[in-house]
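Structure first, then comments.
Heavy atoms only: backbone and side chains are in, while hydrogens, waters and symmetry mates are out.
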Amino acid sequence: MNAREAIMEALCAQLAQARFAAPINDCDTWATLSRRLRLWSDVASADQPALFVAEHAENVAFASESLPGKTTLNVDLFIYIAAGRDPDAVPARDLNIALDALNAALAPPAGADRQTLGGLVYHCRIEGRIVKDPGDLDGQGLALVPVKILAP
């Protein structure tokens with residue numbers, strides 16, 4: 001397996017390329033991108049939209065005793081948006097724009113069938129249940145996006 005840190009750096013570089021189809025809080029990309037998760041109450045509205053990349057789990061599976069194991073890195077992406085603080089806004093719009101940008105950033109490169117983070121991994125993709133809270137009630141929007149990275 002390639003070094004975990006190299007994989008995470010490549011993931012963050014890929015996510016940094018995300019561009020929004022329409023501005024969010026006057027930004028066309030993340031106002032904040034960090035690998036150190038913070039509470040949304042500690043992220044000012046001016047620093048949103050924010051994307052936090054959190055490593056929380058790994059799974060190692062073996063097909064047989066004679067073959068090396070396969071490691072799946074489970075990464076959680078936390079998106080924070082402050083659109084709900086504007087009573088005239090539709091906060092779900094900003095979450096949808098941010099999620100579309102993540103999908104585009106993690107899409108396979110042209111001519112490829114999967115995202116390999118420059119050949120470091122077998123695949124890197126959004127996989128699983130995405131949790132969305134646009135912030136209609138309290139003004140703070142959040143999405144939790146699971147990413148699976150299969151490291152050969």
Side-chain angles (χ1 to χ4, degrees), residues 2 4-59 70-152:
N2 287 310
R4 287 168 176 83
E5 191 56 25
I7 292 168
M8 293 307 299
E9 287 175 2
L11 172 63
C12 288
Q14 194 67 35
L15 295 171
Q17 295 178 28
R19 295 291 176 262
F20 304 139
I24 300 175
N25 200 21
D26 295 325
C27 296
D28 66 351
T29 190
W30 310 110
T32 302
L33 173 60
S34 176
R35 288 181 56 195
R36 184 162 185 169
L37 182 61
R38 296 188 322 215
L39 294 173
W40 59 78
S41 58
D42 294 335
V43 181
S45 294
D47 296 330
Q48 297 182 46
L51 177 65
F52 295 95
V53 181
E55 303 171 59
H56 287 135
E58 295 182 12
N59 294 329
K70 292 184 180 180
T71 301
T72 301
L73 306 174
N74 298 297
V75 177
D76 293 318
L77 305 179
F78 289 79
I79 299 171
Y80 298 162
I81 61 160
R85 296 177 185 157
D86 177 354
D88 297 324
V90 178
R93 169 203 171 267
D94 287 357
L95 274 185
N96 290 333
I97 290 170
L99 289 168
D100 288 345
L102 284 180
N103 281 337
L106 293 177
D113 61 348
R114 62 185 185 268
Q115 175 57 257
T116 65
L117 300 177
L120 289 176
V121 299
Y122 183 74
H123 69 69
C124 173
R125 61 185 175 216
I126 295 171
E127 183 177 324
R129 182 175 184 248
I130 297 173
V131 177
K132 294 168 58 173
D133 176 359
D136 292 318
L137 300 178
D138 65 358
Q140 181 59 60
L142 163 77
L144 176 58
V145 181
V147 172
K148 306 285 186 202
I149 302 171
L150 181 57

Just how far is it from atom [atom1] of [X] to atom [atom2] of [Y], taken to the nearest 0.5 Å?
| X | Y | atom1 | atom2 | result |
| --- | --- | --- | --- | --- |
| D47 | C27 | CG | SG | 9.0 Å |
| F52 | L77 | CZ | CG | 12.0 Å |
| L37 | E55 | CG | CD | 12.0 Å |
| L144 | R129 | CG | CZ | 9.5 Å |
| L120 | I7 | CG | CD1 | 6.0 Å |
| Q140 | D133 | CD | CG | 9.0 Å |

Original post:
Sub-3.5 Å donor-acceptor pair from the side chain of N25 to the main-chain atoms of S45, do we have one?
Top reply: yes
Original post:
Do side-chain atoms of T32 reach the backbone of Q48 as a donor and acceptor pair under 3.5 angstrom?
Top reply: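 Looks like no, no N/O pair under 3.5 Å.
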Validation: residues 96-107 side-chain donor-acceptor distances under 3.5 Å, sequence neighbours left out:
residue : atom : partner : partner atom : Å
N96     : OD1  : K132    : NZ           : 2.6
N96     : ND2  : A92     : O            : 3.2

**OP:** Taking atom OH of Y122 as the centre, report whether more than 12 heavy atoms of other residues, nucleotides or ligands fall under 6.0 Å from it.
**Re:**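 No, not enclosed.
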**OP:** Would you indicate whether D42, at its atom CG, is surrounded by more than 12 heavy atoms from other residues, nucleotides or ligands within a distance under 6.0 Å?
**Re:** yes
Original post:
Looking at R4, K148, K70, which one forms a salt bridge (Lys or Arg N to Asp or Glu O under 4.0 Å) with E58?
Top reply: R4
**OP:** Could you tell me which residues satisfy side chain to side chain donor-acceptor pair (under 3.5 Å) with D76, sequence neighbours excluded, listed by chain and number?
**Re:** H56
Subject >> Sub-4.5 Å side-chain heavy-atom contact between F20 and W30 >> reply: yes
